[in-house]
Every structure is written in C-alpha cells, then in structure tokens.
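Data first, discussion second: the structure below is written as structure tokens.
As a basis for the values below, the full set of heavy atoms in this structure was taken, side chains included, without hydrogen atoms, waters or symmetry mates. We name chains A, B, ... by the order of the sequence lines, and we start the count at 1 in each one. Treat the numbers as computed from the prediction; the structure is a model and nothing was measured.
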Amino acid sequence: MRAKAIIGDIKASVKNWYRNKAALFWTLAFPILLILLFGEIFSGGNESYTIYIKDMDDSTLSHALINAMNNISIINLQPIGKNADVKEYAKKHAVLEIPHDFQNAIFEGKRCNLTLYLDPSKEQTNSAIRSFISGIVNEINLRFNNASIIVGYEEKYVVEEQFKYIDFFIPGIIGMTIMTSAIYGSIEINVKYRKRGMLKKLLTTPLQKGEWILSKMIYQLMISFISTIAIIAVGITVFHLKASFNFTSILIIIAASFAFTGIGMIIARFVNEEETADSAASAITFPMMFLAGTFFPLEIMPSFLQIVAKILPLYYVNEGLRNAMIYHDGNAAMLNAVVIATFAIIVFGIGVVLTNWKEE
Amino acid sequence: MNVIEVRGLTKVYGNVVAVDNISFDVRKGEVFSLLGPNGAGKTTTVEIIEGIRKPTKGEIKVFGGKVERAKEKIGVLPQEFQSMERLTVRETLEYFSSFYKKSMDIEELIEMVGLTEKKNTLYKNLSGGQKRALGVAIALVNDPSLIFLDEPTTGLDPAARRNLWKAIRKLKEGRKTVFLTTHYMEEAEYLADRVAIMHHGKIIAIDEPYKLIEKYGEKTRVIIKKIDSEEEMEINDEREIAKIIEKLKEKGIKYERIEIKRPTLEDVFLKLTGEGLT
C-alpha cells in the first residue's frame, strides 16, 4: 500500500465528483429537495388548532372558560365579535359559540349548550377539536355537579420526547442517499471504467487492486458523510431537527457505505453494459427504498411486506440511524449496526473477490 | 538485446483460435509494428504481452521476466482508451504519475505531445486527436523504456494522425522501444523499423518494411501519360527515372505527367494473403 498512489486516486475521484453536476444533484440536491418537500407536507401533525370563540355571554364565567382553554397549548383561541358571521369564520376554522345565558344557566343548574360550528370537509381536524370540547364540557359538568372523579387517566409516551414525521424521515433519507450513491457509484466506476479501457490501463500501472479499492472506499465514505452532514444541516435549520451524530451512527454510515458498494461491485461483475447495469441498480434500489421504511413507518404496511422489509439491508440502516440519532436507543442502534456490519463484511468481501481487472 | 521475447503464443476462445502459435522478438530501441486487418489478433497479442489477458499457451518475457515485474518500466495506451471526463490535461497526467516511483516533468510532457494550450482543459472537452495525444502522454508519464501503443490513430482525421506520428517519431529519438499495433500500412511504413504482418492469428512475415516490399512487392512502375496514350514500364532502381525523363526530352516526346507507383506494404499483404488490408 503506497499513500502517494491512494491519495492521488482519491484526489482525482473527488475532482471528478464535484465537477459533475449530475453527481452533485443526486448526492446533495435531491435528498435536500425530498426533505423540504416531504417535511413540509407531513409536518402538520403536531400543530396547534385554531378555534374562533364567539362569546355571547361576556360574563365572569365565560371569561374563566376562555382562560382555561387558552392554557391548553395546542388550542389557539381567537375571539370574534358578537355580531360576526359564524358561517364565514367556520369555513376557515372551527367556531365555538358560548350562549348568552351561559353563566345564569350554570348557577341555576339549568341545561345550556355550547355550539361548535365545523366545516365537514376538515374531518381530521374536526374530530380532534370535538374531543377537546367534549372533554371540557365533561369537566364542567363534573365540577358543577360536585361529582368526584373516580377513574382518571394519564398519558405516557414510550420514548421521552415526542417525535415528528421529519425526525422519522431524515434518517431514512440519509440511508437512501448512502445506498444510491454507493451502488450507482461503484457500478459507474467498475462498468464505465471497464468500457473506457481505464481498468486495462490501471492493470498495466504499478497501482494495486487493493490500493484502488481502498481509495475508492475512502472516497465513497467521504461522499456519504458529505451527504449526511448536508441533510442534517437542512433538517436542523429548516425543521429544528434534534439529531445527535454519535459513534453508532458513524459506524452505521461506514458499514452501509461498504455494504452498498459491495452490492454495486457484485452487479458490475455480472453486467457489462452501462445501461443494463443502471437498470439492475434501479431494480434493487427502488423497491428497497419503498419497502425498507424510508418514507413511511413499516407499521402502516401489510404484515407480509413488513417481513420482506426485515430481510432488506436498508431497513437496518434506516432503523439503526433512527435509533442512534433521534430516539437515542443505544442498544437497538448497536444491534442494527451489528446486522449491517456483518452484512457489509460478507457482501464487500464477495465484491472484492469478484472484482477483476483482467480480461478473458 | 531483446526487450520482448514471445515464444509459441496461443490464445483460444471457445473454438476460435485468436492467436495461433506465434513467436517473435522486439529489439531494444526499435519501433516494432504489428500490422494486420481488424480481427487478425493484434490486440489480443499485445494485451497478453501487457499482462491484461492470460495466454492459453506460450512463453512471454518482457525485460527478461514477467511483465508484472516490469510495470515501472512500461507505458501503455490501450485500444480506445478514455480517461476520466472531468480532469484537466495536467491533472490527468498528475493522477497517473502518482502511481509511479519515477515521473517525467509534466509540463515538458504536455509540450511534447502538443497540448500546451489545452493543459487546463477538461478531458471531455478535448477533440479526438487531443484525447489520443493525451493518451500517448499518459503512456509516457513514468518515462518508460518500452511503450505499447494499440491502434493509436484509429478514428483520427489525417491532420491529427500526422501530429501523433510526429510525437511517436520523437520517442525513437529518445531511444525508447515502441510496440505499435495498427491496421494502417502507411503508419507502419512511416514509423516502424520492423513490421510483423499478422493474419488470422498468425505472423506471416516479419522484417524491415523496405525489405518486405523488396521481397514480396511488385517492382516500381513508371507511367508516362501522353496526350493521347500512356506508356508503362517497370524499373529496378528509382535512379532509372532520371534516365527516362532525359530520353523523353531527347526524343521531344510531349507528355502530361509522369506517375511513379511504388509498391507498398498493402501490396505485400495482398500478395501474401490474397486479401486487402482494410
């Protein structure tokens, strides 16, 4: 192993990469675009709900109710005037109307109704608001009937923090980008270089196959980390992602780069034509991308597809990165890392053995 | 001294014999050309010598041993070689020089192949002739004493071909040994000290170009085109031409022009195989 040759080869690969607009697009622009697009579309999950409040009573008690509701963080109350057209407002957000005899009715123990105006086309939001309001109504009824609460309930999340879609999505995009750049990259190097007589040429120089593979791996790792850092940077600045870049996540990125480069090398050994090699790579990467829980959690897929996902290497990369970077579940992350590292050793080993510069 | 020694080289693909039991030597400091039509087995032969392919049978020595041991001393331009698209001329040469212990001065090398004005141009933006010139420069980057050029001018326009020929000629002045494969007989005739003619996997003749022509070619013919007729004669020595012209003057014979048809390697090939070269 000679450092001069290895550094020379890495320098050439890096120059060839950053001058290639298509390569820059797939390794940097494409994953970032995906994050911005999907992140925007699916980030609605934990937003607050706006409710217009029309207080016809304007009494001490109605003010107390409004104050109480204001304390619920996910409800954003906006008062509207007594003469406001409820139907117009309801087209935008739900409207809660407090009747004019609200205080009197309660003190006198008479029944009165809060009226909730909803737009039937927003059923998802409606059901959430309906449950808040019915919760509040129950609470009021219990208080003023002097009933005591016997059964209460408390919510606990399995993980300490609450996660958003973007937290799930970004590690998946990292996994996907490493997979595509490693598989396509190693196919390009092996098939295209063979076609262009480059491998023949290298075979006649003192450069050894081992030096060459090592240099290409270091280059591939550099690309993987550049993509990962760019993706995380966008996640943090745009979506306030709370990700930590720890030892296990680095281990998973390295193992994934080796594993997918190995897959690319194996494809390149059996497919000689560039176009066919690209199709073969697509045939592997596309189904893997969708089945391995890159974009959506596995739980929403039919159970047989969940089983399929668990034989795909990308699944372990995605899960491992989520556990390591987002969920801080060190044990689960390490388990995923071990699975992907074992797979990488086998596949990359086969790839190295199969990589042959010699011609028949 | 022999730089390359090939003995009984045979290469068989399935039931096709691509190279059929050939033996030859390449001497130090000469330009040796393997000449033959496409499919004659030239590239297979040269790639076996370079260590790219394995022979089915036979013994090959480069600098008296295995070619794998001589990698620092050889330079190769493979057939239809294409370098990395997005490296400049200078970066490409620096890249390849990083593999070797010894390296030529890059600027000097660029000038030698006539690419000084293009030294900061990306490979993909070079013309076909410039790419091939760079290919030759890459083959020279380690200042090798043995250079293999496999069909270096195929697909080039005549001007680019001439330029490359000039560069290859300079190598000879530097006392380098050049192993050249080509299917252009003018190329072999212009560049080679010795030519091996290859046909269907066999070497059918090997010698200096003019000796091959002398041995297998027709005699030189002089054709005198007169106003209404033409006269053709064979001569043994080109010095006879002067005498012919003198005679024409003496007799006051008017003529439009005189054509001199010299035999070429093409004729040698035709004579030996009964087939055309291209």
Task: Parallel, tilted or perpendicular: rings of A:F295 and A:F290 (30°, 60°) - done: tilted
Task: Toward chain B: residues of residues 198-207 of chain A with heavy atoms under 4.5 Å - done: A:M198, A:K200, A:K201, A:L202, A:L203, A:T204, A:T205, A:P206, A:L207
Task: Engaged part of B:T92 at the chain A interface, taking heavy atoms whose separation is under 4.5 Å - done: neither
- [ ] Examine whether an atom of A:R19 lies under 4.5 Å from a heavy atom of chain B, and if so say whether it belongs to the side chain, the backbone or both; otherwise answer neither.
- [x] both
Open item on the list: Can you confirm whether the side chains of B:R161 and B:Y184 place a donor and an acceptor under 3.5 Å from each other?
Closed with: yes
TODO: Sort B:F148 into side chain, backbone, both or neither according to what part of it lies under 4.5 angstrom from a heavy atom of chain A.
DONE: neither
Task: Flag, side chain of A:S227 to backbone of A:T177, donor-acceptor distance under 3.5 Å - done: no
Task: Ring-face cation of A:R2 near B:F99 (centre distance under 6.0 Å, axis angle within 45°) - done: no
Task: Presence of salt bridge, A:K195 and A:E274, under 4.0 angstrom - done: no
- [ ] Return the set of residues passing side-chain contact (heavy atoms from CB on, under 4.5 Å) with A:W17 (not counting sequence neighbours), or none when no residue passes.
- [x] A:A23, A:L24, A:T27, A:L28, A:Y219, A:I223, A:I226
Task: B:K42 and B:E47 ion-paired at < 4.0 Å - done: no
Task: Members of residues 6-16 of chain A whose heavy atoms come closer than 4.5 Å to chain B - done: A:G8, A:D9, A:A12, A:S13, A:K15, A:N16
TODO: Using atom types as modelled and distance alone, determine if a side-chain donor or acceptor of A:S249 lies under 3.5 Å from a backbone N or O of A:F245.
DONE: no
- [ ] Among B:R53, B:Q79, B:E85, B:E50, single out the residue with the greatest number of heavy-atom pairs under 4.5 Å to chain A.
- [x] B:R53
Task: Worked check of salt bridge (Lys or Arg N to Asp or Glu O under 4.0 Å) between B:K11 and B:D20 - done: CA-CA 7 Å; B:K11 180 72 183 183; B:D20 190 0; over 6 Å; no
Open item on the list: Assess, by modelled atom type and distance only, whether the side chains of A:T342 and A:Y316 contain a donor and an acceptor separated by less than 3.5 Å.
Closed with: no
Task: For chain A, the option from B:E72, B:K101, B:E94, B:E80 that forms the most heavy-atom pairs under 4.5 Å - done: B:E72
- [ ] Step by step, work out the salt bridge (Lys or Arg N to Asp or Glu O under 4.0 Å) result for B:R194 and B:D25.
- [x] CA-CA 10 Å; B:R194 284 196 311 134; B:D25 297 325; over 6 Å; no
Open item on the list: Under a plain distance cut-off of 3.5 Å, with no hydrogens placed, do A:S257 and A:Q220 share a side-chain donor-acceptor pair?
Closed with: no
- [ ] Check whether any side-chain heavy atom of B:D193 sits under 4.5 Å from a side-chain heavy atom of B:K172, and report yes or no.
- [x] yes
Task: Note, A:Y193 side chain near B:M84 side chain (heavy atom, < 4.5 Å) - done: yes
TODO: Considering only heavy atoms, give the residues of residues 118-141 of chain B separated from chain A by less than 4.5 Å, sorted numerically, with 'none' for an empty result.
DONE: B:L122, B:Y123, B:I138, B:A139
Open item on the list: Heavy-atom count check: over 12 atoms from other residues, nucleotides or ligands less than 6.0 Å from B:R162 CZ?
Closed with: no
